Amino acid sequence: MPHLIVEYSANVEERLDVDGLLDKLHAAALVTGIFPKGGLRVRAFRADHYRIADLDPDNAYVHVTAIVGHGRPLDIRERASQQLFECIKLHLAELFEAAPLAISFNMQEFDPVLNFKHNNLHRYVKSRAGES
């Protein structure tokens, strides 16, 4: 169950192709082979108020937080993190070369006790795919 949350400074929105990044992250998460399609959530939020480095108005950032279900071994989480971060860097490569940009990624685990879910998406996803 990964939640991929993209945060970005408002000054890059026109050059970022947010929907393209979300599509690529969604696909990359599935390619890792460790996340179920029915649990995948990918979303983005623009930061209208921010301060970056030396306060130059051209400074920008894109940060992605992945929050995943508890219990996967560290090496599996590390491999998935590297794959997702590479996807982000590839998407942002042109922007990175053209502007001062901080790109970051962090993976966290949901608490095994304090994480509550009520989700019927898995059933619908399987049904639409013709699975039982």
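Counting begins at 1 with the first residue of the sequence. Keep in mind that this is a model prediction, so the values were computed, not measured.
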Donor-acceptor contact present, side-chain His91 to main-chain Leu16, <3.5 Å:
yes

Any [X] side-chain heavy atom under 4.5 Å of [Y] side chain:
X: Leu121; Y: Arg41; value: yes
X: Phe85; Y: Val64; value: no
X: His3; Y: Arg43; value: yes
X: Gln108; Y: Asn106; value: yes

To the nearest 0.5 angstrom, please state how far the [atom1] atom of [X] sits from the [atom2] atom of [Y].
X: Leu74; Y: Ser81; atom1: CG; atom2: OG; value: 9.0 Å
X: Thr65; Y: Ile5; atom1: OG1; atom2: CD1; value: 6.0 Å
X: Thr32; Y: Ile76; atom1: OG1; atom2: CD1; value: 9.5 Å
X: Met107; Y: Leu84; atom1: CE; atom2: CG; value: 6.0 Å
X: Leu101; Y: Arg15; atom1: CG; atom2: CZ; value: 8.5 Å
X: Glu7; Y: Phe45; atom1: CD; atom2: CZ; value: 8.5 Å

Of the non-hydrogen atoms in [X] and [Y], which two are nearest, and what is the gap between them?
X: Gly39; Y: His122; answer: N-CE1, 3.4 Å
X: Val42; Y: Leu25; answer: CG1-CB, 4.2 Å
X: Gly38; Y: Asn119; answer: O-ND2, 3.5 Å
X: Ser104; Y: His63; answer: OG-ND1, 2.6 Å
X: Asp111; Y: Asn115; answer: O-CB, 3.1 Å
X: Ser9; Y: Asn59; answer: OG-O, 4.5 Å

Same hydrophobic cluster for [X] and [Y], using side-chain heavy-atom links shorter than 4.5 Å among ILVMFWY?
X: Val31; Y: Phe35; result: no
X: Ile88; Y: Ile52; result: no
X: Phe110; Y: Leu4; result: no

Do Asp58 and Asn11 have a side chain donor and acceptor closer than 3.5 Å?
no

Give the intermediate values and the outcome of side chain to side chain contact (heavy atoms under 4.5 Å, CB included) for residues Leu22 and Val6.
CA-CA 8 Å; Leu22 297 183; Val6 178; 3.9 Å; yes

Over 60° means perpendicular and under 30° means parallel, so classify the ring planes of Tyr61 and Tyr50, tilted if in between.
perpendicular

Determine whether Phe105 and Gln82 satisfy the following criterion, side chain to side chain contact (heavy atoms under 4.5 Å, CB included), listing intermediate values before the conclusion.
CA-CA 9 Å; Phe105 174 88; Gln82 289 170 344; over 6 Å; no

Pair Glu109 + Arg77: basic N to acidic O under 4.0 Å:
yes

Listed partners of Tyr124 passing side chain to side chain contact (heavy atoms under 4.5 Å, CB included), at least two apart:
Asn120, Arg128

All side chain to side chain contact (heavy atoms under 4.5 Å, CB included) counterparts of Phe116, not counting sequence neighbours:
none

Side chain to side chain contact (heavy atoms under 4.5 Å, CB included) between Arg79 and Ile34: does it pass, once the steps are laid out?
CA-CA 10 Å; Arg79 181 176 47 84; Ile34 63 171; 4.0 Å; yes

How about Phe96: does its CZ atom have over 12 heavy atoms from other parts shown lying under 6.0 Å from it?
no

